[in-house]
Amino acid sequence: MRIDLNGQSLITQAETLAGLLDEQGFDAASVATALNGAFVPRPQRALAKLTDGARIEVLSPMQGG
Amino acid sequence: MFYGTELKSRLMLGTAQYPSPAVLRDAIAASGTQVITVSLRREGPEGGAFREILTESGCRILPNTAGCHSAQEAVTTAQMARELFNTSWIKLEVIGHADTLQPDPFALLEAARILCADGFEVFPYTTEDLILGEKLIEAGCKVLMPWGAPIGSGQGLSNPEGLRRMRAHFPDTPLVVDAGIGAPSQAAQAMEMGFDAVLLNTAVAKADDPVAMAAAFGQAVAAGKAAHDAGLMPRRDMGHASTPIFGMAELA
């Protein structure tokens, strides 16, 4: 299916958010995730099913004021 | 006390816009700060080095919701930050205007209500408006962060009288002047007025020598707090001789 990951459109084989992080090589312990604008806590990533057109944000600490 | 945490240094420092990670690390150390603000962005290649600096600094992390323009965005960002940094502290910024970077008071209050109810310890970036301050406190905020001037402007305290009224109106609420500070003298001014802390970023990061400027701000904030605690003399309209007249020779 085609999804939107951090603003980039891509095709994924993953069915869940946890699977997507694994597939895309993210360090799952050092990022926070949102699916379609809603926060998905770490323990729920394996239950968060991806659907065609889903918007996923994978965020990490960044310099800020 | 900031949500039960006593801070010796009353300077809170932002971590953005430094010329290099090494300068950032040294500036944090030179400032003496115990609280640094950080943000969340899409995972990039440089994430690891920054995480290391955060851990090494030994500072408390105050994540922000910088760049959010709606309550919903800010709430989601705060939830992500809480998981990532393992802290319920959040500097809540909901920006209402792109040029002034003025907070959107309505969305700010809406987000503050949601986050306080969800157990967050919210540091709302607000204006000097007293009614908004009261509503934020009603929502559960135990700290308020009024702006000095627009973010990154370096203008200092645009509305000192308004800030003075705010200080008087909320005598028991920790108040942090956040944003717009450009020079150590302005930070000292805020502290002399009785504010509990100052939060700044650009004035240090964009100095010719950020590490030296960080130290200067650390000293100015400490001096301003010491001056407030010592009790400033009352202002007078006219001159008043400090040398006694008694015992003066008649030489005319």
Side-chain angles (χ1 to χ4, degrees), chain A, chain B residues 12-18 20-21 24 36-55 61-67 70 72-73 75-86 91 93 101 118 125 151-152 178-179 181 199-206:
Chain A
M1 77 188 103
R2 179 169 286 278
I3 57 145
D4 202 72
L5 173 61
N6 284 353
Q8 304 279 333
S9 180
L10 61 86
I11 306 273
T12 179
Q13 308 303 318
E15 290 175 3
T16 65
L17 186 51
L20 179 71
L21 294 181
D22 193 42
E23 179 195 85
Q24 296 296 318
F26 285 108
D27 175 7
S30 58
V31 295
T33 51
L35 175 57
N36 296 325
F39 171 56
V40 180
R42 227 167 259 155
Q44 287 171 31
R45 288 176 191 163
L47 306 170
K49 296 255 186 269
L50 303 183
T51 52
D52 203 47
R55 291 178 297 112
I56 294 105
E57 293 286 346
V58 180
L59 305 188
S60 62
M62 196 56 57
Q63 289 86 341
Chain B
M12 301 181 179
L13 193 62
T15 57
Q17 310 179 76
Y18 290 80
S20 74
L24 166 62
I36 52 177
T37 57
V38 299
S39 194
L40 287 186
R41 289 292 180 265
R42 287 167 171 172
E43 168 75 345
E46 74 278 32
F50 183 55
R51 272 192 288 272
E52 226 166 82
I53 291 176
L54 297 185
T55 313
I61 305 290
L62 176 58
N64 70 23
T65 63
S70 71
Q72 170 55 38
E73 274 179 291
V75 166
T76 301
T77 303
Q79 291 166 332
M80 295 172 88
R82 178 163 64 178
E83 182 183 75
L84 208 46
F85 297 106
N86 199 23
K91 177 185 160 185
E93 272 184 57
L101 300 179
D118 191 19
Y125 167 61
I151 296 172
D178 175 15
I181 300 278
L199 195 160
L200 55 96
N201 188 151
T202 310
V204 168
K206 292 297 183 191

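Every chain is numbered from 1, with letters handed out A, B, ... down the list of sequences.
- Rounded to the nearest 0.5 Å, atoms CZ (B:Arg82) and CZ (A:Phe39) are 7.5 Å apart.
- The line from CZ of B:Arg41 to CG of A:Leu59 is 8.5 Å long, rounded to the nearest 0.5 Å.
- Note on A:Ala29, A:Ala38, A:Gly37: by heavy-atom pairs under 4.5 Å with chain B, the leading option is A:Gly37.
- Each of B:Val38, B:Ile61, B:Leu54 was scored for a side-chain contact (heavy atoms from CB on, under 4.5 Å) with A:Pro61, with one residue passing: B:Leu54.
- Taking the side chain to side chain donor-acceptor pair (under 3.5 Å) definition, one finds that B:Gln79 meets it with nothing, sequence neighbours left out.
- Proximity to chain B at a heavy-atom threshold of 4.5 Å picks out A:Arg45 from residues 45-54 of chain A, in numerical order.
- Counting only distance, with no hydrogens or angles, the side chain of A:Gln63 and the backbone of B:Leu24 share no donor-acceptor pair below 3.5 Å.
- The shortest heavy-atom contact between B:Leu84 and A:Arg42 is CD1-NH2, 4.1 Å.
- Checked by atom type and distance alone, the side chain of B:Thr37 pairs as donor or acceptor with a backbone atom of A:Gly64 at under 3.5 Å.
- Both the backbone and the side chain of A:Ser30 come within contact range of chain B, with heavy atoms under 4.5 Å apart.
- Neither the backbone nor the side chain of B:Tyr18 comes within contact range of chain A; no heavy atom of the residue lies under 4.5 Å from a heavy atom of that chain.
- Residues of residues 11-28 of chain A lying under 4.5 angstrom from chain B, judged on non-hydrogen atoms, are A:Phe26 by number.
- The contact between A:Ala34 and chain B is made by backbone and side chain atoms together, counting heavy-atom distances below 4.5 Å.
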Residues 3-10 of chain A, side-chain donor-acceptor partners within the protein, below 3.5 Å, at least two apart:
unit_1 : atom_1 : unit_2  : atom_2 : d
A:Asn6 : OD1    : A:Val58 : N      : 2.7
A:Asn6 : ND2    : A:Val58 : O      : 3.1
A:Ser9 : OG     : A:Arg2  : NH1    : 2.7

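- Neither the backbone nor the side chain of B:Glu73 comes within contact range of chain A, judged by heavy atoms closer than 4.5 Å.
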